[in-house]
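Below: the structure, in structure tokens.
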Amino acid sequence: MNPVLQVKNLKKIYKVDTVETPALQGVSLEVHQGEFIALAGPSGSGKSTLLHLMGGLDKPTSGEVWLGGKRIDGLSRAQLSDLRLWNVGFVFQAYNLIPVLTALENAAFVLELRGEPREVRESKALGALETLGMKDFAHRRPNQLSGGQQQRVAVARALAARPKIILADEPTANLDSKTGLALIEHMRTLNREHGVTFVFSTHDPRLLERVDRIVRLEDGQIAA
Amino acid sequence: MFNLFSLSWRNIWRHRGRSLMTAGAVGLAVYFTLVYLSFLGAMENGIYNNLTASVGHLQVRVEGYREKREFRDLLIPNAAQVEARLATQTQASRVVALEIPALVAGETRSRGVLLIGDQRPSELRERFVKQSLVEGRLPETGDLESIALGVSLARALKVGLGDPVYVYAPGTEGRGAGAYRLVGLLRFPDPATEAQSAYLALAAAQELAAPGSATRIELHFPFTRYSQDNQLDTLQPQLAASLGPGLSLESWRQASPAIAQIFNLLTPLVLIFAAIFFGLAGLLVVNTIYLGLLERTRELGVIVALGAGPAQVTRMVVLESLLLCSSGTLVGGVLGLATIAALSGGFSLEALYGEVGGVFGLPEKVYLSLGAWDIPITLGFTLITGLLAAWWPARVAARLEPVEAMRFTA
């Protein structure tokens, strides 16, 4: 079966003035439909950089990124926006909900960007919130929600758009361990029951027990 | 459920105080522009009505009259026939006037004047009486024995109502001299005009200096607004074609080129002021929008990361700017229209410009009213301000790299 996502010999070097800092040094990885993968490793190992490159948020210095059978590392800014809009869901460490929108509106945000009709947006967003146990909080603003609830809304935002893959950058880092585990359980359920493909980064060892596959990164390379 | 419109609307009210101040500045610009445009329109209409009431919208004159020096060369022969021909062509009111350089004398003193004999329809006569007559009456149509003088001229001649006044018009084609009874005193804003003004009935003036003739025939159209003046562009050539040889038809603009020039300057002047108002307000809008974006850089990074393209981000920023400007426009517009409505009944500016205003034909009372283009012009300024103010912040926002933006800390 063709992978949903594939990176080949991916390198990323950050340049500040004349100083070069290698973040990734030839990473190759395949992600298949329905996988639940954790990128593990210490801070600075390249987990976030790899997620950004996989999601088309950034461009590699060299190497290839394939998403859904299409090579994306050479796409323009507008093409990458379009690709992210229709194919990738993101969950960020700091929730990053839009404070002036309610939970329901945040969950429907990507659908709004896609220009989907109001009824469709509302129905999909409500469905996603319900899946994550947040339906009763649909009309609350982010500042009226706890950290765990906000992150569940962020997952609902990614889920409602039904992307090919959801990339989550340390989604539990700002949550206490109990809430973090609960969130991972939610994600795991979505993966098992709805076949949603997840790749997330973490350095929390307790979360790693719940994943299909662990990809360990060290100094920008996949550890053996 | 939200859309990009409502998101932009909520975004601009995140910092209520800052947005209120900015919207207020736009509102003030809209308010001043509307009131200023309506004031300008009212002044234009007032000056236009005063001027055309005194010289007519169109005037029949002898061709090349400005270069002619002899009284007889200025005469329109058979004035009644010319007037009758015009009457078949237009419904405009007509004033037939004969201007005679003459010497006017009381019992002990005399002065050189421009004696005017005229015949005007009742509505224009009433207006003249209301504006200029301070005592007595005007000579009636066909009255061969009465004269009205400027107050200062009468004072200079040491004559009062009921006294005899003697007029000498040597070198003319009529009797050349006559004795009249002073029946009315006139006041004019310009002291020089008042010191030289003497009025007879047309028949009396023709008997004195030029039987059957006139020096000008004015056509007065029922225009009350300056904006109607462009109808003269069509009427003037049509009517001019019906005149006989040796006669010309000129507009008030041609008769009073200096005032026409002032009219040409008024609109550009007000537009320059409006541009300054909106330019200053626009700077505040740029500041508010840009600060708002700077504070929301991380959030914008997330929006871009989620798939918003440069066009959508640009649209959001432009919408925010336009909504901010529209809020101000709504408030400023309502207040401006209320002010205009309140002052549409007229208010006096005499205290401001005193008697000098009359010299320049300024109206005694100003009636604020909006012209057809005043609201579109104001809205156009608002739209341009909103778009220009959004241009730079939108450009910055559309170029945000999502990863860098999400790392941004203000």
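These figures come from a predicted structure and were not determined experimentally. Chain naming here is simple, since letters A, B, ... match the order of the sequence lines and numbering starts at 1 in each.
- When side chains are defined from C-beta on, B:Trp13 does not count as touching A:Val100, because their heavy atoms never get closer than 4.5 Å.
- With a 6.0 Å radius and a threshold of 12 heavy atoms from other residues, nucleotides or ligands, A:Lys135 has its NZ atom at or below the threshold.
- Rounded to the nearest 0.5 Å, atoms CE (B:Met406) and CG (A:Asn96) are 7.0 Å apart.
- By the 6.0 Å contact criterion, CD on A:Glu218 is open, its count of non-hydrogen atoms from other residues, nucleotides or ligands being 12 or less.
- Other residues, nucleotides and ligands place no more than 12 heavy atoms under 6.0 Å from the CZ atom of B:Phe5.
- Within a 6.0 Å radius of CZ in A:Arg77, more than 12 heavy atoms belonging to other residues, nucleotides or ligands are found.
- Taking the side chain as every heavy atom from C-beta outward, B:Pro402 and A:Arg84 approach each other to under 4.5 Å.
- Among all heavy-atom pairs drawn from A:Ser81 and B:Pro310, the shortest one is OG-CD, 4.2 Å.
- Within a 6.0 Å sphere centred on NE2 of A:His203, heavy atoms belonging to other residues, nucleotides or ligands number 12 at most.
- A pairwise comparison of heavy atoms in A:Phe92 and B:Ala305 identifies CZ-CB, 3.8 Å as the closest pair.
- Using a 4.5 Å heavy-atom threshold, the side chains of A:Asp58 and B:Glu401 count as separate.
- Separating the CG atom in B:Leu300 from the CD1 atom in A:Ile98 is a distance of 9.0 Å, to the nearest 0.5 Å.
- Counting non-hydrogen atoms of neighbouring residues, nucleotides and ligands closer than 6.0 angstrom, the CZ atom of B:Phe273 reaches no more than 12 such neighbours.
- The 12-atom threshold is exceeded at CG of B:Asn264, counting heavy atoms of other residues, nucleotides or ligands nearer than 6.0 Å.
- With a threshold of 4.5 angstrom between heavy atoms, A:Ala161 does not approach chain B through any atom at all.
- Taken from CZ in A:Phe109 to CG in B:Leu7, the straight-line distance is 6.0 Å, to the nearest 0.5 Å.
- In this structure, the portions of B:Arg399 lying under 4.5 Å from any heavy atom of chain A include both its backbone and its side chain.
- Judged by distance alone, with hydrogens and angles left aside, the side-chain atoms of B:Arg10 form no donor-acceptor pair with the main-chain N or O of A:Pro99 at under 3.5 Å.
- Side-chain contact between A:Arg157 and B:Val302: present, with at least one pair of heavy atoms (C-beta onward) separated by less than 4.5 Å.
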